[in-house]
Amino acid sequence: MTIWATALLALGLVLLLEGLVYVLAPSLVEEMLRALRALPPEARRMIGALMMVLGLLLVWGAKQLGA
C-alpha cells in the first residue's frame, strides 16, 4: 500500500469515527467543546500534539501488521 493509500485510509477512518460520534451522541460533542473552551490554549495544544503522536503510532502499527 502506498503512502497516499494509507493517508486516504486514515482520513476515511477519522471521518467515519467523527461522523459516528455526531450521529450517536451530539450532546456529548457539545459538552466536550465546552470543556475544551475551559482549558488554556497551551493545554489544548498539548492535547492536540499527543493526539497526533497517538494517531501516527496507530497508523504505523497498522502498517506493520499489513494494512
Side-chain angles (χ1 to χ4, degrees):
M1 188 179 288
T2 67
I3 188 72
W4 291 109
T6 301
L8 284 174
L9 177 63
L11 181 59
L13 289 171
V14 166
L15 292 174
L16 176 73
L17 292 174
E18 286 282 331
L20 193 61
V21 171
Y22 281 102
V23 168
L24 296 178
S27 60
L28 179 62
V29 174
E30 291 177 19
E31 289 177 33
M32 289 176 60
L33 288 173
R34 273 193 289 273
L36 282 171
R37 268 190 228 109
L39 292 175
E42 297 81 24
R44 286 181 272 178
R45 193 170 286 117
M46 182 58 70
I47 291 170
L50 291 173
M51 299 280 286
M52 284 178 32
V53 170
L54 178 60
L56 180 64
L57 289 173
L58 288 172
V59 170
W60 177 81
K63 289 290 286 181
Q64 296 301 311
L65 293 173

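Keep in mind it's a predicted model, so treat the numbers as computed, not measured. Hydrogens, waters and symmetry mates are skipped; everything else that's a heavy atom, side chains included, is used. This chain uses plain numbering: 1 for the first residue, then up along the sequence.
By the 4.5 Å heavy-atom criterion applied to side chains, Leu17 and Val21 are not counted as neighbours. In this structure the side chain of Val59 never reaches within 4.5 angstrom of the side chain of Leu9, judged on heavy atoms. Counting only heavy atoms from C-beta outward, the side chains of Leu11 and Leu15 approach each other to under 4.5 Å.
In the displayed structure, Arg44 atom CZ is contacted under 6.0 Å by more than 12 heavy atoms of other residues, nucleotides or ligands.
Atom-to-atom distance recorded for Lys63:NZ and Ile3:CD1 is 6.5 Å, nearest 0.5 angstrom.
No path of Ile, Leu, Val, Met, Phe, Trp and Tyr side chains, each step under 4.5 Å between heavy atoms, connects Val14 with Leu57, placing them in separate hydrophobic clusters. Leu16 and Leu58 fall into different hydrophobic clusters, defined by Ile, Leu, Val, Met, Phe, Trp and Tyr side-chain heavy atoms under 4.5 Å apart, directly or through other members. Tyr22 and Leu33 fall within the same hydrophobic cluster, defined by Ile, Leu, Val, Met, Phe, Trp and Tyr side-chain heavy atoms under 4.5 Å apart, directly or through other members.
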